Amino acid sequence: MTINEFNFAGKKAIVRVDFNVPLDENGRITDDTRIRGALPTLKKILADGGATIIMSHMGKPKGKVNPKLSLGQIREAVEKALGVPVAFAPDCAKAADAAKALKMGEALLLENLRYYPEEEGKPVGIEKTDPAYDEAKKDMKASQKEFAKTLASYADCYVMDAFGTAHRKHASTAVIADYFDADNKMLGLLMEKEVEAVDNVLSNIKRPFVAIMGGSKVSSKIGIIENLLGKVDKLILCGGMTYTFMKAHGGEIGNSIVELDKLDVALGVEELAKKNGVELVLGEDSVVADSFSNDAKTQVCPSNAIPAGWEGLDAGPITREKFAAAIKGAKTILWNGPAGVFEFDNFTAGSKAVADAIAQATAEGAFSLIGGGDSVACINKFGLADQVSYISTGGGALLEAIEGKELPGIAAIKGK
Ligand code: AMP
């Protein structure tokens, strides 16, 4: 079933959204992108004459109640965004009465799903190395099914619209789908858009295809990097992972971030790029700092000749030009991970150069997909959000989808 074919009139729809929004110390929302992302689906349900039960996680409460991660804090914002009354159920597993009382045209927001360990389905308080772990996991999987069944019992139909968690087989993202027949479960409008954006990048790729991978570590992205080396024409590797590559060739990197146990991985990436005929683009110079702080003293030096006591925090001017030149003329672009410690205002130049070049290429006809919290934050910080083709709400989910992995949140609805 697709959401556009479905008529929600007189139906209660339970919708998994990603309302894991950042909050300040007073519990105020600092970025409501994720709430806005879910609105088309929620509004369609209400406009059809249905009611919606909204469920999400927030942060990592690790199976325990934590008022700092209560979704109650955002109830009012959701109500304002939806323009209909939004009730709040303070216990997501005991919301049957509230769901029953829900009137058509109204919404009910459930408390943080991850207050229950059943949501993620991982046993708590027991190490993987413990001989009793496997048994505990089996028990937990059984209670996860019960938990999912309880959530399902609140509604007539299920909508999965949380792309950010679609790569997780959690109670609310996948297991719950088993309790609805094929005609009563569907992907939401945000999910459909995300899937289409990934499709744009993967099927009938317009070339040149340039990917930019940044961030702090090569280890967390090695899967996607290796995978992209089978797809792209150019791969720009930037940010902190630069220094693992420099070190692998015997460079001096001072105090720069490095993964000394991944030097062979870096060399392997270079080998694979050569074998596949992919142009690998690495930084040459860095803005180095005498401490990890925005106010540190800085200088520019070659990325493989960083003086002792200094660390590379941003791409240098030669690198910035090199990156911009590599992106120019691209027809498909994927960006994940900043090119420097962009959170510090004095170290944004590398990421800004990448973002500007992407915006330019997009204006010249490229399809550009930006994903992962940090690169999205970059694009927003530079005010370029409306100058790229698509900003994904997914980090890990986006990368897994691009790797060609089946996402459990999608498979639960479309698969089998
Ligand atoms: P990731 O979570 O791996 O995508 O990494 C994102 C983080 O990488 C951001 O918080 C950046 O500040 C950080 N980062 C980027 N460049 C560097 C660098 N040269 N040194 C240390 N951290 C960096």
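All of these numbers come straight from a predicted model, not from anything done at the bench. Quick note: numbers below take in every heavy atom, side chains included, and nothing from hydrogens, waters or symmetry partners. Atoms within a ligand are numbered from 1 in the order they appear, just like the ligands themselves.
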A.B. asks: Sort and list the pairs that fulfil side-chain hydrogen bond (donor to acceptor under 3.5 Å, both in side chains) and have at least one residue in residues 296-311, not counting sequence neighbours.
C.D. replies: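 Checked against side-chain hydrogen bond (donor to acceptor under 3.5 Å, both in side chains) - neighbours excluded - the pairs reaching residues 296-311 are Ser286-Ser303.
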A.B. asks: Side chain of Ser389, backbone of Leu369: donor and acceptor closer than 3.5 Å?
C.D. replies: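 Checking the backbone N and O of Leu369 against the side chain of Ser389, no donor-acceptor pair under 3.5 Å is found.
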A.B. asks: Counting only N and O atoms by type, is there a donor-acceptor contact under 3.5 Å from the side chain of Tyr179 to the main-chain atoms of Leu151?
C.D. replies: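 Not at all, since once roles are kept as given, no pair shorter than 3.5 Å links the two residues.
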A.B. asks: Lys193: what forms a side-chain contact (heavy atoms from CB on, under 4.5 Å) with it, not counting sequence neighbours?
C.D. replies: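 So Lys193 forms a side-chain contact (heavy atoms from CB on, under 4.5 Å) with Tyr390.
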A.B. asks: Restricting to side-chain hydrogen bond (donor to acceptor under 3.5 Å, both in side chains), what partner residues turn up for Asn380, sequence neighbours left out?
C.D. replies: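 With neighbours one apart ignored, the set is empty.
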A.B. asks: Just by modelled atom types, is the Gly371 backbone N or O under 3.5 Å from a matching donor or acceptor in the Asn336 side chain?
C.D. replies: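 Judged by distance alone, yes, a pair lies under 3.5 Å.
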A.B. asks: Could you please provide the protein residues found below 4.0 Å of ligand 1 on a heavy-atom basis, arranged by chain and number?
C.D. replies: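 Answer by chain and number: Gly215, Ser216, Lys221, Gly239, Gly240, Tyr243, Ile257, Gly312, Leu313, Pro338, Gly340, Val341, Glu343, Asp374.
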